[in-house]
Amino acid sequence: MGSLFQWSLAKTTLLALGLTAATVSPIAIANLASAQTPEPTTTPVQTPTTTPTQTPATTSNFTDVSSDYWALPFIQALASRNIITGFPDGTFKPNQSLTRAEFAALIQKAFNQNPVRQLSAGGFSDVPSNYWAASAIQEAYETGFLSGYPGDVFQPNQQIPKVQAIVALTSGLGLTTNEDASNILTTYYTDSSAIPNYAVNNVAAATRANIVVNYPNVNQLNPQVPLTRAEAAAILYQALVRQGQVQPIASNLAASNYIVAGGGTQATNDIVALAASSTSFSTLSSLLKTAGITEILQQPGPYTVFAPTNEAFAALPPSTLEQLQQPENRELLIKILRYHVIPGELTASQLSGGEVKTFEDSPVNIKVDSATNQISVNDAKVIQSGVQASNGVIYPINQVLVPPNLNAQQPQQGTTPDGVTPGRTTRGGSSYIGAAGNIGLAGDTALSETNIAVISKIGLTRTISARPSAVFGDNTLILVPLTFDFAPRSVDSLGEQTFPVSPYIGAGVAIETNDDANLGFLLTGGVDVPLGSRFTINGAVNAAFMDETDVGLLLGIGYNF
């Protein structure tokens, strides 16, 4: 019996850990990545080999765009920048639908983003090398704006639905929101139910960024209707506003009334707002609020901010981040954050080697390696080109900068910094309670069958959580494990964006609520994936050693508390 138990324990432990890594993570990654690869709704069309009869325009005066046309300010502005063009007869054809190839060509002209992936040597099978938009399609793909369809096809002549164009812009520009996406969509759109699942988060992010423009009804998105040339001009212009490349249109123009969530004015895209909208800077945003200096970085400035990512903060010594957020260490936190801010706006071309004084009145040492084009600040590396805000520029860095005069000062520890505090946040994320579905894999208890379940996480210390759950069946099975929570680590979603995943492992007891009240040893392993600030997705493999070895896969969502 003892050898059988040891054999089952070893086998199931490997099964649990393997399924956790190989089953749960791909599910999460696939769901997030699917926003760029919607299922095609039409059959591929033949690819033309000639360039459309569209001639670059040197004027923004089109014969079919009247002075009171709703999209006139957007069209004129982009035409003057030679991003959009007219036709040989002097028209613009604002109501004509755009194809995916034409939208790729507009993206190529409007943006100058760095590549995030590489198109395979064979490219798309329906885009020949001599196709008029081949280079634009390749660039739109490699910079993360557009993706193809299964079978290595791009469908260049397919009309692009408005929702696909919005997804493309938010994906290429890396726009996200920490708010509840469903609430945003139901608030602003009467047809929110028509937005496909893959696009929900993207449309919510675009809405918050004031990129979505709806005419004639500002509250009706019409997500699946083909995008017109006028609509393309509007959303492209708003995306450039978001990047700080152009100024917002005047609030007294009629066109401003069709900007969703704009209310006739543009939403702020200052340093604080941009940091809050990115999942890479959620820790920094939280610390800015704790320190009470968000209002400073919302002022006109301008400022240059070297912004540590979530991973940079997670790399600090254990308990340091938690201690910095305690009230008695607020002044110390302010000093550290001010050391990341430089007065004035320094563009990438203006960043040169030498010392630059920060708001903390202590200088940082900037180094520029011309051979590799790598910029570093003290010992931290700048990992992305400057993100333009309305009041300055943000440079993401991979380490937290520590002022030199802070060596003698250390965060004051509370009475029990690592003491047991039920319900606290651990380094793996917030405590939560939620619902899940169980997929049975082996055995003869409720854990081995397809059932519904209740899950929870109750943080006890910075690294330890209790995760009681119940799998309902003929004989409900209660699972009570203690887990060791690992720090979040970034997962690359097919090279398009990253998101944090917090793994954990643990052990405990399983209690079968039948007449005999059987007890068994429990092993568990899983991951938590934050879904904004309110919810956490959970996936876990549980192995209970009862009369038999019972294994089940729990997939659920919890409400953070």
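Remember, it's a predicted structure, so these values are computed and weren't measured experimentally. When reading the values below, keep in mind they use all heavy atoms of this one structure, side chains included, and skip hydrogens, waters and symmetry mates.
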* To do: Decide yes or no for Phe74 and Ile84: does some side-chain heavy atom of the first lie under 4.5 Å from some side-chain heavy atom of the second?
  => no
* Is there a side-chain contact between Leu221 and Ser192 (heavy atoms, below 4.5 Å)? -> no
* Asked: Is it true that a side-chain atom of Thr91 and a backbone atom of Phe87 form a donor plus acceptor pair closer than 3.5 Å?
  -> no
* Would you check if the side chain of Asp191 reaches a backbone N or O of Asn222 as a donor-acceptor pair within less than 3.5 Å? => yes
* Structure fact -> In this structure, NZ of Lys93 is separated from CZ of Phe62 (nearest 0.5 Å) by 11.0 Å
* To do: Give, for atom CD of Gln138 and atom CG of Leu146, the distance between the pair rounded to the nearest 0.5 Å.
  => 13.0 Å
* **Step-by-step side-chain hydrogen bond (donor to acceptor under 3.5 Å, both in side chains) determination, Asn560 to Thr536** => CA-CA 7 Å; Asn560 300 338; Thr536 298; 2.8 Å; yes
* **Over 12 non-hydrogen atoms of neighbours within 6.0 angstrom of CG in Asn183** => yes
* Asked: Are Tyr141 and Phe154 close enough that their ring centers fall under 6.0 Å?
  -> no
* Could you verify whether a donor N or O on one side chain and an acceptor N or O on the other, from Lys457 and Thr426, lie under 3.5 Å apart? => yes
* Asked: Which atom pair, heavy atoms only, marks the closest approach of Ser135 to Gln108?
  -> OG-NE2, 3.7 Å
* **Pro248 to Tyr237 - nearest heavy-atom pair and separation** => C-OH, 4.4 Å
* Asked: Ser97 and Glu102: which non-hydrogen atoms are nearest, and at how many Å?
  -> O-OE1, 3.9 Å
* **Criterion side-chain contact (heavy atoms from CB on, under 4.5 Å) on Asn257 and Trp70, from CA distance to verdict** => CA-CA 10 Å; Asn257 296 320; Trp70 73 271; over 6 Å; no
* To do: Mark yes or no for whether Asn438, through its side chain, and Glu449, through its backbone, hold a donor-acceptor pair below 3.5 Å.
  => yes
* Closest heavy-atom pair and its distance - Gly423, Ile458 -> N-CG2, 3.5 Å
* Please determine, by modelled atom types, if Thr483 and Asp485 share a side-chain donor-acceptor pair under 3.5 angstrom. => yes
* Does the side chain of Ser282 come under 3.5 Å of the side chain of Asn310 through a donor N or O and an acceptor N or O? -> yes
* Asked: If only atom types and distance count, is the side chain of Thr294 paired as donor or acceptor with the main-chain N or O of Leu288 below 3.5 Å?
  -> no
* Asked: Roughly how far apart are His340 NE2 and Leu287 CG, rounded to 0.5 Å?
  -> 10.0 Å
* Look up atom CD in Gln96 and atom OG1 in Thr228, then write down how far apart they are to the nearest 0.5 Å. => 10.0 Å
* **Ile537 CD1 to Leu555 CG distance, which is reported to the nearest 0.5 Å** => 10.0 Å
* Closest non-hydrogen atom pair between Leu72 and Ser67, with its separation -> CD2-O, 3.3 Å
* Any sub-3.5 Å donor-acceptor pair from Ser171's side-chain atoms to Ala168's backbone N or O? -> no
* Asked: Any side-chain heavy-atom pair from Thr187 and Thr207 closer than 4.5 angstrom?
  -> no
* Out of Asn219, Asn217, Val218, Asn214, which residue meets the side chain to side chain contact (heavy atoms under 4.5 Å, CB included) rule with Tyr189? -> Asn214
* **Nearest-0.5 Å distance, CZ of residue Phe103 to CD1 of residue Ile235** => 4.5 Å
* Can Asn201 and Thr176 be said to form a side-chain contact (heavy atoms from CB on, under 4.5 Å), step by step? -> CA-CA 7 Å; Asn201 291 328; Thr176 60; over 6 Å; no
* Please examine the side chains of Pro156 and Thr99, heavy atoms only from C-beta on, and report whether any two atoms are closer than 4.5 Å. => no
* Asked: Can we call the ring centroids of Phe561 and Tyr432 under 6.0 Å apart?
  -> no
* Polar side chain donor-acceptor pair, Arg208 to Thr177, under 3.5 angstrom -> no
* Would you check if Glu142 and Leu119 make a side-chain contact, meaning some heavy-atom pair closer than 4.5 Å? => yes
* Please step through side-chain contact (heavy atoms from CB on, under 4.5 Å) for the pair Val527 and Tyr504, ending with a clear verdict. => CA-CA 6 Å; Val527 293; Tyr504 63 86; 5.7 Å; no
* To do: Kindly say whether Thr170 contributes a backbone atom to a donor-acceptor pair with the side chain of Asn202 at under 3.5 angstrom?
  => no
* Is the number of heavy atoms from other residues, nucleotides or ligands within 6.0 Å of CD1 (Ile452) greater than 12? -> no
* Is the closest side-chain heavy-atom distance between Ile166 and Ile211 below 4.5 Å? -> no
* **Close side-chain approach of Phe111 to Leu169, heavy-atom, < 4.5 Å** => yes
* Is any side-chain heavy atom of Val471 less than 4.5 Å from a side-chain heavy atom of Asn542? -> no
* Any idea which heavy atoms bring Leu173 and Gln243 closest together, and the distance? -> CD2-NE2, 3.4 Å
* To do: Show the numbers, then the answer: is there a side-chain contact (heavy atoms from CB on, under 4.5 Å) between Tyr395 and Ile375?
  => CA-CA 10 Å; Tyr395 291 95; Ile375 300 173; 5.6 Å; no
* Hey, is the main chain of Val393 close enough, under 3.5 Å, to the side chain of Glu345 for a donor-acceptor pair? -> no
